[in-house]
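Below you'll find the structure, written out as structure tokens, and then a few comments.
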Amino acid sequence: MNHLLETKNLSVDFHTAGGTVHAVRNVNWHLDAGETLAILGESGSGKSVSASAIMNLIDTPPGEIVSGEILYQGKDVLKMSTEQRRQLNGHKIAMIFQDPLSHLNPVYTVGFQISETMMARGVSRAEAQERTLQLMERVGIIEPHIKIDAYPHQFSGGQRQRLMIAMALAFEPDVLIADEPTTALDVTVQEQILKLLKDLQQETGMGILLITHDLGVVAEVADRVVVMNSGEVVETGLANDVYRRPSHPYTQKLISAIPGSGELAQPLPDSTPNILEVNQLCKSYGNFHALQNASFTIGEGESVAIVGESGSGKSTLAKCLLRLEDTSEGTALYRGKDLLSLKDKELLKIRRDIQMVFQDPTQSLNPRMSIFDLISEAFVIHPDILPKSQWKSRVAELLEQVGLSAQHMSRYPHQFSGGQRQRIAIARALALEPKLIVCDEAVSALDVSIQAQVINLLTDLQQKLGISYLFIAHDLPLVRDFAHRVIVMRGGRIVEQGTVEQIFEHPQESYTRNLLAASLHPDPEVQQQRRQERLLETA
Amino acid sequence: MKHVFLKRALGSALSLLGLVVLVFFLSRLTGDPTALYLPIDASMESREQFRELHGLNDPILMQFGHYATDLLQGDFGESIRRSAPALDVVLEAFSWTLQLAAITMVLVISAAIIVGSLAAFHVGGLFDRIATFFSLVGASAPDFWIAIVAIVVFSVGLGWVPTSGTGSILHWILPIAVLFIRPFGLIVQVVRGSMISALGSAYVKTAKAKGIKNRSIIFVHALRNAMLPVITVAGDQAAALLNGAVVIETIFGFPGVGKLMIDSIMQRDFTVVLAAIMVTALAIFIMNLLIDIVYAILDPRIRY
Amino acid sequence: MTTLVTPAQATPTHPALTTLRMLWRNKVATAAAIFVVLVVITAIFGSSMLEDIATKQNLRGRNLPPFDFSKDWLYWLGGDALGRPLLARIIVASGNTILVASGAVFFSLTIGTLLGLIAGYTSKNLSQAIMRLADVIMSFPSLLLAVIVLYMLEPSVTNLIIVLAITRIPIYLRTTRAEVLEIRKRMFVQAAQVMGASTLRIVFRHILPVVFPTIVTIATLDFAFVMLAESSLSFLGIGIQPPEITWGLMVAQGRSYLTTAWWLSFWPGLAIILTTLSLNLLSNWMRIAFDPVQRWRLEIERK
Amino acid sequence: ANPSDLTVVLSEELDVVEPCMAARSNIGRVVLQNISETVTEMVPGEGLKPRLATQWEDQGNGTWRFHLRNDVSFSDGTRFDAKDLAHTLTRLTSGKIVCETGAKYFGGFELTTQILDDYTIDIKTVPAQPILPLLMSTVAVVPNEAPEDKFITKPVGTGPYVFDEYARGQHIKLSANPNYWGEQPAVKKATYVFRSDSAVRAAMVQTGEADIAPNIALQDATNDKTDFSYPNSETVYLRINNGTAPLNDTRVRQALNYAIDREAFIGTILADGTLIATGITPPSTLGYDKDLKPYPYDPDKARALLKQAKADGVKVDTEITMIGRTGNFGNVLETLEALQSMFQEVGFNVTLQMYEVGEWNNFFSKPFPTDKGPMMVQAQHDNANGDPVFSMFFKYGSDGLQSGVTDAKLDKMIAKATAESGETREALWGEAFRYIYEDAKDVLLFHMVGFTRVGENLDFVPTIKTNNELQLSQISFK
Ligand SMILES: Nc1ncnc2c1ncn2[C@@H]1O[C@H](COP(=O)(O)OP(=O)(O)OP(=O)(O)O)[C@@H](O)[C@H]1O
Ligand SMILES: Nc1ncnc2c1ncn2[C@@H]1O[C@H](COP(=O)(O)OP(=O)(O)OP(=O)(O)O)[C@@H](O)[C@H]1O
Ligand SMILES: [Mg+2]
Ligand SMILES: [Mg+2]
């Protein structure tokens with residue numbers, strides 16, 4: 001019998017000025033109906049590229065499918081005509097893209113973009129509209145009948161990701177390729193989405209190809225696992241087996257790097273001076289209050305994490321602090337100066353001190369600048385950081401620190417994987433040697449081993465240079481390991497804040513407790529157990 | 001929004017005023033219409049009489065005063081050449097121009113968008129090469145060439161359409177066809193360039209993944225993102241047409257505002273020049289306002 | 001390093017060389033570039049070499065038809081209404097033509113783009129003022145401007161450049177501003193802001209490169225526009241006047257012979273077309289060569 | 001279209017259809033003798049003929065008596081009589097409107113009328129105008145009701161045609177006047193359309209869209225069957241500002257004349273049939289000296305003259321500006337470029353500057369700019385009315401508005417001739433022509449020809465008058 005989807009010996013190259021990149025090499029795996037296959041792997045190991053190959057989305061040239069077959073129900077899609085493949089796309093095989101912001105068309109309403117898939121296949125406008133509303137509701141978009149007419153830029157990162165998911169589910173496809181579908185989602189929403197996928201899978205028997213680095217997600221939903229490294233499949237097996245008995249060194253490294261088990265950080269002494277004091281910060285878009293009376297402080301050398309529901313105003317808060325959005329009310333004192341009312345000139349002077357890693361890394365990198373230009377721009381803007389002769393070596397060093405290599409310097413952003421771009425963004429922020437870094441889901445697209453590397457780097461820098469972090473994340477184990485203090489947000493408000501210990505060990509608010517409870521454990525067996533408990537509860 | 005609109009209207013009114021003042025004084029620097037109006041061997045007295053009659057002997061500020069007061073009462077003055085109200089003369093010509101410009105631009109924009117987009121879809125392909133070649137030749141060929149060759153071929157040679165004039169629909173075909181060529185060539189190139197970038201975007205991949213037809217990918221997903229420069233350049237071309245397609249009007253005997261404007265300038269018929277400028281300026285201001293509104297419609301991220 | 005890379009065989013070379021190699025890959029663009037270089041060379045040296053021959057009249061041998069290869073090569077394209085060799089005249093005229101066209105395009109592009117950047121990126125009031133100024137220029141008939149300027153000053157190359165440059169400003173201004181309005185909302189602009197980049201840097205390093213290809217496309221097409229506008233000014237007697245010559249003037253002069261001696265305006269017209277065509281093909285090539293996302297089209301050897 | 005209908009394609013749209021502007025050729029072509037008739041009529045080759053006047057006689061003392069036709073009515077039904085003529089003349093000269101005809105032919109003297117009876121009128125001029133009957137051939141008569149201070153928009157005349165409509169930018173329509181006093185014309189309806197481009201005008205006759213295209217360019221006159229050339233009464237010359245050195249030296253001016261190979265222009269840049277001029281008015285003009293030989297092309301002589309002058313200390317290599325008027329006639333630019341190179345050939349330092357008419361006027365009419373150095377202005381002069389008086393005064397009199405000459409002797413000659421009539425006048429003008437020619441007051445060039453394309457079905461031969469009028473009643477169908 002044929003598998004639902006199978007790749008045989010798939011190899012993909014990219015021809016670039018700097019040489020040929022072998023992004024995917026001889027990859028074999030298969031997916032059956034009703035099954036969830038997780039592709040785990042290092043960031044940049046070819047996961048997204050192989051998915052793109054299935055969807056006929058690789059630009060050839062510069063890309064080239066050097067060898068292999070991709071069999072859908074036994075038929076090699078690579079041999080099909082473009083028209084035949086178009087018929088499959090969206091209908092039989094659907095894909096959720098890794099980077100929702102750039103993959104949504106900025107000038108059309110999300111409603112249109114979701115219903116379009118259906119309308120393109122003859123579903124009537126009204127029906128498509130109806131189904132779009134349902135889908136939006138199912139992926140947890142509140143007030144879908146209003147949001148249906150909003151544009152992508154009016155959504156939060158997590159919301160956009162859910163819209164992507166809704167779009168992919170428009171047709172109950174046979175195969176769903178989900179490329180990091182939950183990176184921007186907080187655990188409660190993540191749970192909801194995973195449940196949605198599971199339910200659909202049960203209803204329709206679709207096969208899910210889940211690309212993720214989140215071992216918790218793997219533990220929750222995956223039946224089998226494929227582990228990729230450097231473009232190759234290094235290990236395959238049942239999810240539990242791979243977790244318990246990883247055979248390949250990379251897999252072993254991965255599993256040992258799982259966060260959430262380390263020491264809790266001790267709160268900083270009370271005497272630490274505050275680097276930032278935020279007071280009653282408010283922000284509204286029209287009538288919608290995205291941020292209401294947010295007040296908190298960050299000490300020198302402190303890491304403050306913000307967790308909370310998707311769409312709760314975390315990114316908005318970050319953008320307000322950096323003056324990328326006008327605030328409605330409130331103050332934010334940076335070392336005594338109110339960031340929000342500073343004149344442009346003075347603002348420019350402290351810009352360097354406060355840096356941000358954006359939630360959507362692709363969009364935050366100028367597509368016309370090489371990686372070297374992007375990172376060294378810091379030195380151009382602030383010539384006192386480094387003499388020109390050392391830029392090259394410093395950029396190389398930064399790239400190494402975030403797990404990339406000096407070779408990447410001459411490449412351009414579009415030639416990287418999602419996680420690689422995120423790391424470039426981090427390197428760029430670090431290049432400025434700021435005092436405070438706002439990380440908006442800065443490590444969400446990284447596999448745990450690289451994640452660990454980056455987190456270690458951040459901690460090191462904090463210890464050496466006294467950098468403070470405002471760390472927006474939904475990955476609770478990571479927050480637990482990294483943060484001194486935690487702020488919990490919901491619906492534009494700060495609902496709870498305290499030290500890691502207070503929040504993780506003694507959460508006060510029920511929302512926080514739910515959040516912690518929804519957190520996934522990387523061990524498939526543990527998750528299995530929890531699932532059963534949940535079932536019992538509902539029964 | 002209303003506030004923005006008001007401000008815009010006010011700004012436009014001010015610039016119109018500035019334009020009038022500017023043109024009034026500058027145009028008078030270009031000399032006295034007397035010599036042009038009267039026969040070469042007219043006597044000094046009749047020259048003097050003429051100046052007196054048309055108030056050309058008054059100090060220029062006074063002339064402006066008169067003009068401004070009349071204008072405020074809606075009187076645009078008399079055309080010296082035509083001895084008819086300047087505004088009537090202009091409006092008559094302008095209505096022709098407006099029709100011609102509107103029809104031409106609608107055709108140009110639709111055709112250029114289709115051709116440019118398809119060319120961008122297969123960069124370097126056969127269609128792209130052909131489209132690029134012809135649009136570039138069209139955009140840079142002297143228009144009177146095309147006009148005269150068209151007359152020689154289609155009117156004299158084949159007898160399909162009349163050479164020139166205005167009577168029937170047939171009369172419009174050649175002028176529009178000739179007017180079409182240059183803006184078409186230009187806009188095809190702009191569409192092509194801007195579509196190449198748009199088609200390389202990630203959201204186009206999404207559309208492909210959704211199984212959307214190529215037609216929709218090009219004309220729905222990419223095009224709208226590529227439209228800003230297209231609309232702007234089209235606006236510029238439309239403005240040029242509104243200012244009059246002199247060559248075409250001259251050759252095809254089309255009674256538009258371009259020829260009127262040239263003649264009036266050359267003959268120093270200042271009232272007509274001013275009236276013509278005010279009318280076309282108003283049209284262009286309105287068009288630019290519409291274009292700005294279209295920007296905001298095309299791209300929801302643009303807010304004024 | 002996680003992905004395998006087979007380095008390209010070529011050792012890293014100077015960027016200029018890489019660019020040249022990319023140019024070479026595209027034969028059409030190469031031909032265009034060669035033509036442009038040729039035109040520039042004739043523009044610089046042509047007039048001094050052929051000045052005398054180009055003005056030598058022979059009334060009785062007027063309107064000599066082209067392709068008479070028994071004659072001197074300068075007459076291969078025929079002779080004009082005064083019996084002067086067209087080829088020589090085209091070569092001599094290229095100097096003024098290119099000077100006027102590139103001057104006008106350069107100034108209108110520079111000024112227009114700058115104003116457009118300002119209008120798109122700065123305060124609403126300033127932007128309003130600039131946009132209304134553009135409205136005014138757009139509605140000011142270029143011919144009137146020409147008459148005024150050239151009436152008050154002499155009809156010279158410089159003044160002609162001024163007139164043409166002013167009238168072409170709005171297109172660059174409006175295009176730039178429209179694009180800036182959109183680009184300034186992009187995230188990488190915000191990222192640059194966060195890094196503390198000055199407004200100047202944001203505008204010139206981040207926004208301008210995105211707008212520029214479109215501007216260049218328009219500019220290269222404007223080359224033809226300017227040459228032809230200059231032609232109609234000459235025709236009306238307010239542009240460049242003989243004994244100075246430009247292609248535009250030649251086209252205008254040949255106009256009345258179009259049905260009887262087509263070559264008089266055909267060759268200079270063709271020169272205009274070929275120049276524009278080449279410039280545009282080059283700019284189309286540049287658009288791809290300087291866009292990292294598209295560059296692969298030129299880096300890959302076509303099979 | 002109806003076989004008795006005719007379409008004329010003109011090169012220029014009419015600003016107004018006002019009879020008193022009929023001296024402007026584009027208006028005259030439509031109005032003169034079609035809609036409005038003149039008092040007398042100048043017929044080429046035959047001289048002055050009666051039209052609305054049957055006869056006239058000189059009463060002496062500057063008074064002329066005109067006897068008018070008594071069987072004429074205007075197209076609005078009112079009868080034509082002496083009052084109408086008196087009113088027409090007042091309208092021309094009152095200054096309440098400034099008319100082309102008035103400004104061109106009725107400047108410089110006082111004119112009063114006295115109505116003797118309905119069909120007899122005395123017209124008195126101070127100073128006396130011996131050529132008043134000739135001047136009356138330019139006066140298009142309007143009815144008494146025509147407003148004195150406003151232009152007419154719907155002309156009413158006595159002519160064989162009635163004005164029907166003027167659709168601006170599109171056409172003017174006339175139709176035959178059923179009550180015309182004279183013969184009924186063959187052409188029953190006429191439409192005038194306007195195209196500035198000569199090639200298009202020619203093409204329109206070719207395709208049958210039009211029947212007559214006056215004024216097509218030499219290049220477009222390619223068909224012997226349809227294209228007629230005719231002397232168009234225009235004379236091209238270079239007006240020399242005699243006052244500025246080195247142009248104040250006769251030898252230098254003569255050298256300019258000798259330097260030009262006039263023959264070379266004809267049949268090349270200018271049409272076959274173009275005549276070389278020895279006077280500023282067409283050869284048919286009173287007193288034109290047909291015995292004068294044009295300056296021959298003699299570059300050696302020119303060089304010799306220059307050398308002589310130079311030897312006498314004349315700065316012959318001063319830069320002389322030749323000022324041309326763009327679009328003045330077909331190939332004006334080529335003509336001037338050729339002239340320039342001919343001048344340079346013999347050693348002049350001549351630069352050429354072309355100006356559009358508005359600016360050109362500043363150089364052509366007084367006061368002349370003073371900062372330009374020695375100047376020659378290219379101009380074209382039109383005098384189709386048979387007498388050189390205005391040409392002489394304006395172009396050569398010391399007070400003439402476009403005269404580059406200040407010569408007391410010539411002034412006297414002009415004054416004398418002006419006051420005379422008959423053969424004496426002819427002889428005196430002859431002297432003046434000769435004097436101007438011999439002293440090389442300017443560079444006389446060509447009497448031009450025009451081309452008219454006439455549809456093959458028409459029986460019509462254009463004449464020298466076709467430049468200013470186009471009498472539809474003279475056209476018939478083959
Ligand atoms: N257009 C391109 N040109 C050159 N190299 C490319 C291009 N696109 C992708 N690559 C390279 O291919 C490799 C695989 O990329 P891919 O996007 O599949 O990674 P990934 O496994 O999805 O990683 P992540 O988890 O970070 O998203 C990366 O090393 C990337 O640098
Ligand atoms: N430009 C905008 N116009 C209107 N609403 C907006 C706009 N930008 C954001 N919002 C809304 O503001 C809310 C907060 O968005 P924000 O991006 O801060 O969420 P977030 O907490 O970062 O969520 P996530 O974890 O999903 O990224 C969301 O509900 C979003 O829909
Ligand atoms: Mg990926
Ligand atoms: Mg966010």
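Letters A, B, ... are given to chains in the order of the sequence lines, protein chains preceding strands, and every chain is numbered from 1.
- Using a 4.5 Å cut-off between heavy atoms, L432(A) contacts chain C through its side chain alone, with no backbone atom that close.
- When the shell of 6.0 Å around CG of D384(A) is examined, it contains more than 12 heavy atoms from other residues, nucleotides or ligands.
- Ranked by heavy-atom pairs under 4.5 Å with chain C, the first of G46(A), A378(A), S364(A), P106(A) is S364(A).
- Heavy-atom contacts from other residues, nucleotides or ligands closer than 6.0 Å to OH of Y285(A) number more than 12.
- R201(C) has a carboxylate O that lies under 4.0 Å from a charged side-chain N of E377(A), or vice versa, which qualifies the two as a salt bridge.
- Of the listed residues K185(C), Q190(C), E182(C), the one with more heavy-atom pairs under 4.5 angstrom with chain A than any other is Q190(C).
- Taking CD of Q193(C) as the reference point, atom CG of L324(A) lies at 6.0 Å (rounded to 0.5 Å).
- Here the side chains of P367(A) and F188(C) are in contact, with some heavy-atom distance below 4.5 Å.
- Of the possible polar contacts, none joining the R368(A) side chain to the H206(C) backbone as a donor-acceptor pair under 3.5 Å is found.
- H382(A) contributes a side-chain N or O that, together with a main-chain N or O of M195(C), makes up a donor-acceptor pair within less than 3.5 Å.
- Most heavy-atom pairs under 4.5 Å with chain A: of the set P292(C), P209(C), A197(C), A191(C), this distinction falls to P292(C).
- Using a 4.5 Å cut-off between heavy atoms, V380(A) contacts chain C through its side chain alone, with no backbone atom that close.
- Interatomic distance, D373(A) CG to R205(C) CZ, rounded to the nearest 0.5 Å: 5.0 Å.
- Among L348(A), D13(A), L399(A), the residue making the largest number of heavy-atom pairs under 4.5 Å with chain C is L348(A).
- Between the CG atom in N366(A) and the CD1 atom in I202(C) there is a gap of 11.0 Å [rounded to 0.5 Å].
- In this structure, chain C has a heavy atom under 4.5 Å from the backbone of L374(A), while its side chain stays farther away.
- Shown here is K27(C), whose NZ atom has more than 12 heavy atoms of other residues, nucleotides or ligands within 6.0 Å.
- Using a 4.5 Å cut-off on side-chain heavy atoms (C-beta onward), M187(C) and L101(A) make contact.
- Listed for the Q355(A) side chain is a donor-acceptor partner under 3.5 Å among the backbone atoms of V194(C).
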